Colleague: 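I have a structure I would like to understand better, so I am pasting it below and will then ask my questions one at a time.
If you're wondering where the values come from, they're calculated on a predicted model, not measured in any experiment. Both backbone and side-chain heavy atoms feed into the values below; hydrogens, waters and symmetry mates do not.
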Amino acid sequence: MHDWLSLNKTRKDIVTELIRDWNNLLDKKEKEEVYHSFLAEHAGFFLADETAFAVISKLKLGAELETDFVIIRDGYSNGTIYEFIEIEKPWSGLFNEKGIPSKDFNTSLQQIRDWKRWLIDNKSYFRKYLPTANTRVINNSNLKFKIVIGRRDNPIINLEKRFQIASDNNIEIRSFDSLTDKLSSRFFMPYSTLNDKEKLSDDILAKIVNPFNKALTDSDWRQLCDNIRIPATHIYSQISDLLVDKLKNNELYKRF
């Protein structure tokens, strides 16, 4: 079984260098796809956590819509939680000089509205590829929506506007720096704390929390859903043995 705990101490240099490379990338003006690719390659570090072990990159919703990421979070008996993430660019602003939402910000908001409408209109897809306790999208839903845009900018007026827009649209709005913060404070567990250990080996419990895991592709997730019936509750306790076969290590794993 791999000793992920060592990433907190003796092998912390791997995390430190990853954060350095990430911060260097944030300081550049690259295309959105560059930031997406970096996060997809290092999804286990930046996007996974103690209840979300798998991330899907570019999940397709029909022929025209595509998510940036969907984080699969174990909601246990309350049903699986799917967190849809739309990323913009770290150098995109939330508001222009007149205090009006920027073009990039408005585009992200519309993207999430389009996702919600599509999911409302396509319940059969919802039940098969995003199974959870209910198929509600707007209220009392197991779907969460988040926009990651810009760097940390804390003028009080902008924060107030951001909070209001987030509340009105029932979404979360975060900066790229929040992803840096999450990794910087991350404590790496040696194995999953899944509550049904009789079905899963120690090896599976360690592999499912592997921080070197890349994001799953749309094809990976669809193949899994087409081959088995994905449970709506306690998802990781029931399919981790199948899921780990789809997960791949990134290049940093060679240094571990």
Side-chain angles (χ1 to χ4, degrees), residues 30-43 46-48 52 54-73 75 79-90 92-94 101-150 162 165-176 178-179 214-230 232 235 243 246:
E30 300 286 356
K31 294 180 179 179
E32 180 187 315
E33 182 57 34
V34 174
Y35 303 101
H36 179 278
S37 295
F38 192 97
L39 291 172
E41 183 74 10
H42 305 98
F46 284 96
L47 301 174
V55 180
I56 309 167
S57 171
K58 295 186 179 296
L59 181 71
K60 291 179 172 56
L61 302 178
E64 297 181 358
L65 299 178
E66 182 179 83
T67 66
D68 278 315
F69 295 103
V70 177
I71 298 175
I72 305 171
R73 188 173 302 283
T80 306
I81 298 166
Y82 299 94
E83 185 176 355
F84 287 68
I85 299 179
E86 168 73 5
I87 68 167
E88 269 298 334
K89 299 174 285 291
S92 295
L94 282 169
S102 68
K103 179 181 178 182
D104 285 346
F105 188 22
N106 271 326
T107 297
S108 295
L109 290 168
Q110 185 57 51
Q111 183 72 75
I112 287 179
R113 293 186 194 106
D114 291 342
W115 293 347
K116 289 180 178 180
R117 174 47 54 190
W118 193 91
L119 290 164
I120 289 170
D121 292 340
N122 291 271
K123 297 297 187 184
S124 60
Y125 171 96
F126 194 158
R127 294 186 186 95
K128 182 171 184 178
Y129 295 105
L130 301 167
T132 185
N134 63 69
T135 55
R136 293 188 290 268
V137 174
I138 304 301
N139 297 312
N140 301 316
S141 174
N142 279 25
L143 304 184
K144 308 299 179 185
F145 298 89
K146 178 189 289 185
I147 294 172
V148 178
I149 181 173
R162 190 187 82 179
I165 292 172
S167 177
D168 289 347
N169 290 275
N170 195 24
I171 61 174
E172 186 178 356
I173 302 168
R174 302 301 301 272
S175 71
F176 276 82
S178 69
L179 298 177
K214 298 181 183 181
L216 297 164
T217 65
D218 174 80
S219 177
D220 290 333
W221 183 246
R222 284 175 180 269
Q223 286 176 10
L224 191 61
C225 294
D226 288 340
N227 289 333
I228 64 170
R229 184 175 180 179
I230 304 295
I235 185 171
L243 187 57
K246 296 287 185 183

Colleague: Donor-acceptor pair, N142 side chain versus T132 backbone, under 3.5 Å?
Modeller: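 Looks like no, no N/O pair under 3.5 Å.
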Colleague: How long is the span from the CG atom in N170 to the CG atom in N139, to the nearest 0.5 Å?
Modeller: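 Here the rounded value is 7.0 Å.
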Colleague: Test side-chain contact (heavy atoms from CB on, under 4.5 Å) on L109 and N169 and set out the steps.
Modeller: CA-CA 8 Å; L109 290 168; N169 290 275; 4.3 Å; yes
Colleague: Name all residues meeting the ring pair (Phe, Tyr, Trp, His ring centres under 6.0 Å) criterion together with Y82; count only those two or more places apart in sequence or in a different chain, and write none if there are none.
Modeller: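 Counting only residues at least two positions away or on another chain, Y82 forms no ring pair (Phe, Tyr, Trp, His ring centres under 6.0 Å).
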Colleague: So do D68 and E32 actually touch side chain to side chain, heavy atoms under 4.5 Å?
Modeller: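 The answer is yes, as the side chains (C-beta and beyond) meet within the 4.5 Å cut-off.
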Colleague: I'd like to check L243 versus I235 (side-chain heavy atoms, cut-off strictly below 4.5 Å). Are they in contact?
Modeller: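 L243 does not reach I235 side chain to side chain.
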Colleague: Return the CZ to CG distance between R73 and L47, rounded to the nearest 0.5 Å.
Modeller: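 Result: 10.0 Å between the selected atoms.
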Colleague: Could you tell me if the side chain of V55 sits less than 4.5 Å from the side chain of L39, heavy atoms only?
Modeller: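 No. Closest side-chain heavy atoms not under 4.5 Å.
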Colleague: So how far is it from N122 CG to T135 OG1, rounded to the nearest 0.5 Å?
Modeller: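 It comes to 12.0 Å.
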Colleague: Contact between W115 and L65 at the side-chain level, heavy atoms closer than 4.5 Å - yes or no?
Modeller: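 The answer is yes, as the side chains (C-beta and beyond) meet within the 4.5 Å cut-off.
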Colleague: Test: salt bridge (charged side-chain N to carboxylate O under 4.0 Å, His left out). Region: residues 105-118. Which pairs qualify, not counting sequence neighbours?
Modeller: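 Every salt bridge (charged side-chain N to carboxylate O under 4.0 Å, His left out) pair that includes a residue of residues 105-118, provided the two are not neighbours, is R117-D121.
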Colleague: Start with the C-alpha distance between T217 and D220, add both sets of side-chain angles, then the distance that settles side-chain hydrogen bond (donor to acceptor under 3.5 Å, both in side chains), and finish with yes or no.
Modeller: CA-CA 5 Å; T217 65; D220 290 333; 3.0 Å; yes
Colleague: Evaluate F145 against E86 for side-chain contact (heavy atoms from CB on, under 4.5 Å), listing each step before the verdict.
Modeller: CA-CA 8 Å; F145 298 89; E86 168 73 5; over 6 Å; no
Colleague: Please determine whether side-chain contact (heavy atoms from CB on, under 4.5 Å) holds for the pair F105 and I165, giving the CA-CA distance in whole Å, both sets of side-chain angles, and the decisive distance to 0.1 Å.
Modeller: CA-CA 11 Å; F105 188 22; I165 292 172; 3.8 Å; yes
Colleague: Let me see the working for L119 and L130 under side-chain contact (heavy atoms from CB on, under 4.5 Å), right down to the final yes or no.
Modeller: CA-CA 10 Å; L119 290 164; L130 301 167; 3.8 Å; yes
Colleague: What are the two closest heavy atoms between N106 and P101, and how far apart are they?
Modeller: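 The pair with the smallest heavy-atom distance is ND2-O, 3.4 Å.
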Colleague: Could you check I56, I147, I112, L61 and say which one makes a side-chain contact (heavy atoms from CB on, under 4.5 Å) with F84?
Modeller: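 Passing option: L61.
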Colleague: With heavy-atom distances below 4.5 Å as the criterion, would you say the side chains of L179 and V148 are in contact?
Modeller: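 Sidechains of V148 and L179: in contact.
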Colleague: Of all residues at least two apart in sequence or in a different chain, which pass the ring pair (Phe, Tyr, Trp, His ring centres under 6.0 Å) check with F126?
Modeller: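 None.
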Colleague: Using every non-hydrogen atom in the two residues, find where I71 and A52 come nearest and quote the distance to one decimal.
Modeller: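 Heavy-atom minimum between the residues: CG2-CB, 3.4 Å.
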Colleague: Can you confirm whether L224 sits close enough to I230 that some side-chain heavy atom of one is under 4.5 Å from a side-chain heavy atom of the other?
Modeller: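 In short, these two side chains touch, coming nearer than 4.5 Å.
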Colleague: Taking salt bridge (charged side-chain N to carboxylate O under 4.0 Å, His left out) as the cut-off, I'd like each qualifying pair that reaches into residues 122-143, sequence neighbours left out, listed once.
Modeller: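 Non-adjacent pairs meeting salt bridge (charged side-chain N to carboxylate O under 4.0 Å, His left out): K128-D226.
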Colleague: State whether the side chain of Y35 and the backbone N or O of E30 hold a donor-acceptor pair below 3.5 Å, judged by distance alone.
Modeller: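 Yes; at least one donor-acceptor contact below 3.5 Å.
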Colleague: Could you check whether any side-chain heavy atom of K146 comes within less than 4.5 Å of a side-chain heavy atom of I85, counting everything from C-beta outward?
Modeller: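 Touching, per the 4.5 Å side-chain cut-off.
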Colleague: Taking the six-membered ring for Trp, are Y125 and Y129 parallel (under 30°), tilted (30 to 60°) or perpendicular (over 60°)?
Modeller: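 Tilted.
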Colleague: What residues, two or more places apart in sequence or in another chain, satisfy side-chain hydrogen bond (donor to acceptor under 3.5 Å, both in side chains) together with K246?
Modeller: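 Scan of K246 (side-chain hydrogen bond (donor to acceptor under 3.5 Å, both in side chains), adjacent residues dropped) gives Q223.
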Colleague: Check this for me, if you would: do K144 and E172 make a salt bridge, where the nitrogen-to-carboxylate-oxygen distance has to be below 4.0 angstrom?
Modeller: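 Salt bridge between K144 and E172, a charged N being under 4.0 Å from a carboxylate O: no.
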Colleague: Any idea which heavy atoms bring I149 and G93 closest together, and the distance?
Modeller: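 Between these two residues, the closest heavy atoms are CD1-O, 4.0 Å.
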Colleague: Quick one: list whatever passes side-chain hydrogen bond (donor to acceptor under 3.5 Å, both in side chains) with S37, sequence neighbours left out.
Modeller: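 So S37 forms a side-chain hydrogen bond (donor to acceptor under 3.5 Å, both in side chains) with E33.
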Colleague: Please check this pair: side chain of D104 against backbone of S92, looking for a donor-acceptor N/O pair closer than 3.5 Å.
Modeller: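 No.
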Colleague: Considering non-hydrogen atoms only, spot the tightest contact between S57 and A40 and give its length.
Modeller: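 Where S57 meets A40 most closely, the heavy atoms are OG-CB, 4.1 Å.
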Colleague: So, taking the atom named OG in S108 and the one named NZ in K89, what distance separates them when rounded to the nearest 0.5 Å?
Modeller: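 Interatomic distance, S108 OG to K89 NZ, rounded to 0.5 Å: 8.0 Å.
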Colleague: Can you tell me how far apart NZ (K58) and NE2 (H36) are? Round to the nearest 0.5 Å.
Modeller: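 Separation between the atoms: 4.0 Å.
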Colleague: For the residue pair F176 and E88, what are the closest heavy atoms and their distance?
Modeller: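 Minimum heavy-atom contact is CZ-O, 3.4 Å.
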